Amino acid sequence: MNTLGYIILALFVVAAIAIYAAAKRKPSTDKLKKQQKAYEELLKKYKVPEGHYKIVIGQSRVYSVYNCPAVIWKEEDKVKILVMRLNPVVSELEEEEFLFLASQPYIDFKRFDGTYFPDWAMQSEYVRELFLPYVNLSKTVGGIDYKQQMYWIGTICVYANSLMQVLTMLGRPLSDYENRVEHKNLMLEDGALPENMVEELRQQLRVKKEEEAFYSPGEAEDAARLQSMEKAIQGIRAAERKAGEEAAADQINRLYAKLLADKRYEDLERATRDEEFRKELFGEMESQGLG
């Protein structure tokens, strides 16, 4: 075979490989298009406006979810949330309910697989990729990164990237919020604030630093001790009040995770709406030593 023949043969092989690869990719592309259409139909069904914001709810006792995608928007003085759990739900809340900020240690999303977070695992590939920017990813030791924070705003706990979306949507100054964030400087490092709030927080931190300079070491120590005691008392009261709620939410989430891992999708769907059936499943878990 002459040189021209080899070239033609090589081109034929390359073309064949390209056609084969395209054929292999096509189902994946079609699948993503179907998933995109399903997502858009979900937004349409719940009348979500174009001017909405995407977030990932790290956890919420109210909605009994962990790492669940959601969209949030404002209508006049109301805030609406579409929580995309197994059975999606739309909540309408007063804007005032979101004027509370607090922090907790950051939990590394990458350390957990989908069975631990059924609300994330049940989402389509399209939705997970679409909402991934609103989950902070980090390398940690033991799953907790004390150099970052997660943030409670109202009754939902979100990552820094999601908090910025909520604050942008609300469009209010930082001074409007009851701010119990433990390390406010980390809000700047995490990128948790929209631009119009960054300078306000920097000014607050400057003022605090100047005030601390007026205290003698003994006075500053006493003030810190009193603040610590007050925080501890508040924590104990909150723990007593919410212990029952948390235990129930934890049991429900472990049940949903187990059903999802066992691919018992019909039982999972029924368990979300049938309390008596849910009790039967709790009994089943206990008999297996999983309760």
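Residue numbers count from 1 along this sequence. None of the values given here were measured: they were computed from a predicted structure.
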Would you give the length of the straight line joining atom [atom1] of [X] to atom [atom2] of [Y], rounded to the nearest 0.5 angstrom?
{"X": "E95", "Y": "L99", "atom1": "CD", "atom2": "CG", "answer": "6.0 Å"}
{"X": "W152", "Y": "R180", "atom1": "CH2", "atom2": "CZ", "answer": "13.5 Å"}
{"X": "F282", "Y": "S287", "atom1": "CZ", "atom2": "OG", "answer": "13.5 Å"}
{"X": "K37", "Y": "L32", "atom1": "NZ", "atom2": "CG", "answer": "15.0 Å"}
{"X": "M84", "Y": "M122", "atom1": "CE", "atom2": "CE", "answer": "8.0 Å"}
{"X": "E96", "Y": "D176", "atom1": "CD", "atom2": "CG", "answer": "8.5 Å"}

Donor-acceptor pair, side chain of [X] and main chain of [Y], under 3.5 angstrom:
{"X": "N179", "Y": "V181", "answer": "yes"}
{"X": "S103", "Y": "Y151", "answer": "no"}
{"X": "Q35", "Y": "Y126", "answer": "yes"}
{"X": "N67", "Y": "W120", "answer": "no"}
{"X": "S162", "Y": "K54", "answer": "no"}
{"X": "R85", "Y": "Y63", "answer": "yes"}

Salt bridge or not between [X] and [Y]? Use side-chain N to carboxylate O under 4.0 Å.
{"X": "R206", "Y": "E199", "value": "yes"}
{"X": "R202", "Y": "E200", "value": "no"}
{"X": "E75", "Y": "K80", "value": "yes"}

- side-chain contact (heavy atoms from CB on, under 4.5 Å) evaluation trace for I57 with I55: CA-CA 6 Å; I57 301 175; I55 63 171; 4.1 Å; yes
I need the minimum non-hydrogen distance between [X] and [Y], along with the two atoms involved.
{"X": "Y134", "Y": "V56", "result": "O-CB, 3.9 Å"}
{"X": "P194", "Y": "L167", "result": "CD-CB, 3.8 Å"}
{"X": "V65", "Y": "D119", "result": "CA-OD2, 3.3 Å"}
{"X": "P69", "Y": "V127", "result": "CG-CG1, 4.2 Å"}
{"X": "R128", "Y": "Q123", "result": "NH1-O, 2.6 Å"}
{"X": "L193", "Y": "M164", "result": "O-SD, 3.6 Å"}

- Pairwise side chain to side chain donor-acceptor pair (under 3.5 Å) hits with a residue in residues 40-53, at least two apart: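 Residue pairs with at least one partner in residues 40-53: Q36-E40.
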Between [Y] and [X], is there a side-chain heavy-atom distance shorter than 4.5 Å?
{"X": "K31", "Y": "E125", "value": "yes"}
{"X": "K184", "Y": "L201", "value": "yes"}
{"X": "V83", "Y": "P88", "value": "no"}
{"X": "Y177", "Y": "M197", "value": "yes"}
{"X": "I81", "Y": "V89", "value": "no"}
{"X": "M150", "Y": "V158", "value": "no"}
{"X": "L163", "Y": "M187", "value": "yes"}
{"X": "L174", "Y": "Q204", "value": "yes"}

- Task: Assess whether side-chain contact (heavy atoms from CB on, under 4.5 Å) is satisfied between Q149 and Y159, documenting all intermediate values.
- Result: CA-CA 8 Å; Q149 302 179 110; Y159 297 87; over 6 Å; no
- Query: Who are the side chain to side chain donor-acceptor pair (under 3.5 Å) partners of N87, not counting sequence neighbours?
  - Reply: T272
- Report the C-alpha distance between M285 and L281 in whole Å, list the side-chain angles of each, state the deciding distance to 0.1 Å, and finish with yes or no for side-chain contact (heavy atoms from CB on, under 4.5 Å). CA-CA 6 Å; M285 285 179 64; L281 294 174; 5.8 Å; no
- Between F100 and L93, is there a shared hydrophobic cluster once you connect ILVMFWY residues whose side-chain heavy atoms come closer than 4.5 Å?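 Cluster IDs for F100 and L93 differ.
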- Message: L170 vs I153, test: side-chain contact (heavy atoms from CB on, under 4.5 Å). Steps then yes/no.
- Response: CA-CA 11 Å; L170 292 171; I153 180 159; 4.2 Å; yes
